A.B. asks: 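One structure follows; several queries about it will come next.
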Amino acid sequence: MKPLIPVAVTLGFAFAAATHAQPAPKHLEPNAPRTIVVSQSSSPPVVRATLLQSTLIELPSEEKIANVFAGDTVDWVFDGGHVASRFISIKPKLANSTTDVHIISDHGNEYTLELQEISSDSDPHFDSKVFITPGDQEAKKKLIELPVFVPASELDQENQQIAAAKAAEAAALKAEQTKEEEYRSQYPGTLQFDFTWDESKGKELGLKQIWHDDKFTYLRGQFQETPALYEVKDGKPSLINFDFSNGLYTVPKELDRGYLTIGKQRVEFHRTDERN
């Protein structure tokens, strides 16, 4: 028996035409699809093939073909398609030829089959479709485990998806950076210093500046203790929410009028273009 040779199971894989003399063709009949049990402790099952006909070999539904080795890659054609699957098609090119094929699945199971071309056989029936099932308990356990091999086509596809995801992430980050840069460049133009207050009282309390943008109002000063901040609307004062850090009040709204107070000290402020 010839040593096993790695088989390139890709669509359209061509081999040199056989120069052996071919017998006169006879009418052959396909067998019904059948299941064969493959065990490491038993002889390889025989698959009957014939000239001009393809025999489809199918692995268990949990598996895909990771690699294929064959003893004769000149007189036999092996086709696994472009995409990793659990199917492989075989076709003999030489009458009465035999070879072995060794299939390794993505789960690490190994299936060896003996292939026979049966043109001269007294039985005219050939295998059109063969289902493989593992006969060893260890091989059956592997079916429910995660694959140990990743077919090259799937790995290429996964790498392409990762590259596309990284490119999309980089584009989104670039867009966000551009948006942030535009905002920073335009932000100074949104600042308005249009508040007025009694500067002597403000100096006594520690108030130095008040301004706002289109969303927030800011008050900065050097205070002995943090003054309470009130908003005045319709002549009525009310405490409002704010953040305070290192002498800076950040109020999450635009204020028109209000005041700061500590004990009896009080500084009122309002916008010069205060809205009614």
Side-chain angles (χ1 to χ4, degrees), residues 62 64 82-84 106-107 144-276:
E62 299 87 350
K64 292 182 180 180
H82 283 301
V83 180
D106 59 346
H107 285 251
I144 61 175
E145 298 174 353
L146 293 174
V148 295
F149 299 118
V150 178
S153 60
E154 290 188 4
L155 185 60
D156 290 342
Q157 183 179 12
E158 183 176 349
N159 288 337
Q160 291 174 4
Q161 291 174 346
I162 292 174
K166 288 183 177 179
E169 183 180 359
L173 180 59
K174 179 64 176 177
E176 187 64 27
Q177 289 175 340
T178 301
K179 183 179 179 181
E180 182 178 348
E181 290 171 359
E182 290 177 352
Y183 177 77
R184 286 181 177 177
S185 66
Q186 297 172 1
Y187 180 71
T190 68
L191 301 179
Q192 300 293 324
F193 297 84
D194 55 356
F195 285 90
T196 185
W197 62 93
D198 187 319
E199 293 190 6
S200 62
K201 290 183 179 180
K203 185 176 181 180
E204 184 178 348
L205 191 66
L207 177 63
K208 294 188 175 297
Q209 189 56 268
I210 308 176
W211 71 98
H212 70 91
D213 54 25
D214 55 355
K215 293 182 180 180
F216 298 90
T217 302
Y218 308 92
L219 299 89
R220 179 176 292 282
Q222 292 180 337
F223 309 105
Q224 296 294 328
E225 58 181 287
T226 305
L229 175 60
Y230 288 81
E231 179 182 20
V232 178
K233 272 191 174 183
D234 300 324
K236 298 178 181 180
S238 61
L239 282 169
I240 57 175
N241 293 325
F242 60 85
D243 291 328
F244 182 81
S245 177
N246 298 322
L248 176 66
Y249 289 83
T250 302
V251 182
K253 61 187 297 186
E254 290 186 73
L255 296 180
D256 290 329
R257 180 179 290 269
Y259 62 86
L260 292 170
T261 180
I262 300 177
K264 295 182 179 181
Q265 292 181 305
R266 173 167 163 167
V267 180
E268 297 181 2
F269 59 85
H270 65 87
R271 290 173 61 173
T272 55
D273 61 345
E274 182 179 353
R275 296 162 291 186
N276 294 328

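Just so we're clear, the structure is a prediction, and the values are computed from it rather than from any experiment. This chain uses plain numbering: 1 for the first residue, then up along the sequence.
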A.B. asks: Does anything in residues 196-211 pair up under side chain to side chain donor-acceptor pair (under 3.5 Å), and if so which pairs, sequence neighbours excluded?
C.D. replies: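 Residue pairs passing side chain to side chain donor-acceptor pair (under 3.5 Å), neighbours aside: D198-S200, E204-Q265.
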A.B. asks: Of L219, L260, L207, which is the lone residue that meets side chain to side chain contact (heavy atoms under 4.5 Å, CB included) with P227?
C.D. replies: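 Of the listed residues L219, L260, L207, the side chain to side chain contact (heavy atoms under 4.5 Å, CB included) partner of P227 is L260.
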A.B. asks: Which heavy atom of P252 sits nearest a heavy atom of N241, and at what distance?
C.D. replies: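 That would be CD-O, 3.5 Å.
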A.B. asks: Please assess L255 against F269 for the test side chain to side chain contact (heavy atoms under 4.5 Å, CB included), listing each intermediate value before the final yes or no.
C.D. replies: CA-CA 10 Å; L255 296 180; F269 59 85; 4.2 Å; yes
A.B. asks: Would you mind listing every side chain to side chain donor-acceptor pair (under 3.5 Å) that reaches into residues 219-233, with sequence neighbours excluded?
C.D. replies: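 Sorted result for residues 219-233: E231-K253.
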A.B. asks: Could you check whether any side-chain N or O of T261 sits under 3.5 Å from a backbone N or O of A228, counting only pairs where one atom can act as donor and the other as acceptor?
C.D. replies: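 A pair under 3.5 Å: no.
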A.B. asks: Sequence neighbours excluded, which residues qualify as side chain to side chain contact (heavy atoms under 4.5 Å, CB included) partners of K264?
C.D. replies: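 K264 satisfies side chain to side chain contact (heavy atoms under 4.5 Å, CB included) with no residue once adjacent residues are dropped.
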A.B. asks: Go through the steps to decide whether Q192 and R271 satisfy the test side chain to side chain contact (heavy atoms under 4.5 Å, CB included), and finish with yes or no.
C.D. replies: CA-CA 10 Å; Q192 300 293 324; R271 290 173 61 173; 5.8 Å; no
A.B. asks: If you measure from CD1 on I210 to OG1 on T217, what distance do you get to the nearest 0.5 Å?
C.D. replies: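 Between I210 CD1 and T217 OG1, I get 9.0 Å after rounding to 0.5 Å.
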A.B. asks: Looking at D106 and K64, would you say the former's side chain and the latter's main chain have a donor-acceptor pair under 3.5 Å?
C.D. replies: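 Yes; at least one donor-acceptor contact below 3.5 Å.
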A.B. asks: What are the two closest non-hydrogen atoms of Y259 and P237, and how far apart are they?
C.D. replies: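 For Y259 versus P237, the nearest heavy atoms are OH-CB, 3.5 Å.
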A.B. asks: Side chain to side chain contact (heavy atoms under 4.5 Å, CB included) with Q177: which residues, sequence neighbours excluded?
C.D. replies: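 Listed in chain order: L173, K174.
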A.B. asks: Is the CD atom of Q161 crowded by more than 12 outside heavy atoms at less than 6.0 Å?
C.D. replies: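 Yes.
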A.B. asks: Return the set of residues passing ring pair (Phe, Tyr, Trp, His ring centres under 6.0 Å) with H212 (not counting sequence neighbours), or none when no residue passes.
C.D. replies: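 For H212 the ring pair (Phe, Tyr, Trp, His ring centres under 6.0 Å) partners, ignoring immediate neighbours, are F195.
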A.B. asks: Restricting to non-hydrogen atoms, name the atom on Y218 and the atom on D213 that form the minimum distance, rounded to 0.1 Å.
C.D. replies: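 Residues Y218 and D213, closest heavy atoms: OH-OD2, 2.9 Å.
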A.B. asks: Could you tell me which residues satisfy ring pair (Phe, Tyr, Trp, His ring centres under 6.0 Å) with F244, sequence neighbours excluded, listed by chain and number?
C.D. replies: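 Checked F244 against ring pair (Phe, Tyr, Trp, His ring centres under 6.0 Å); matches are Y249.
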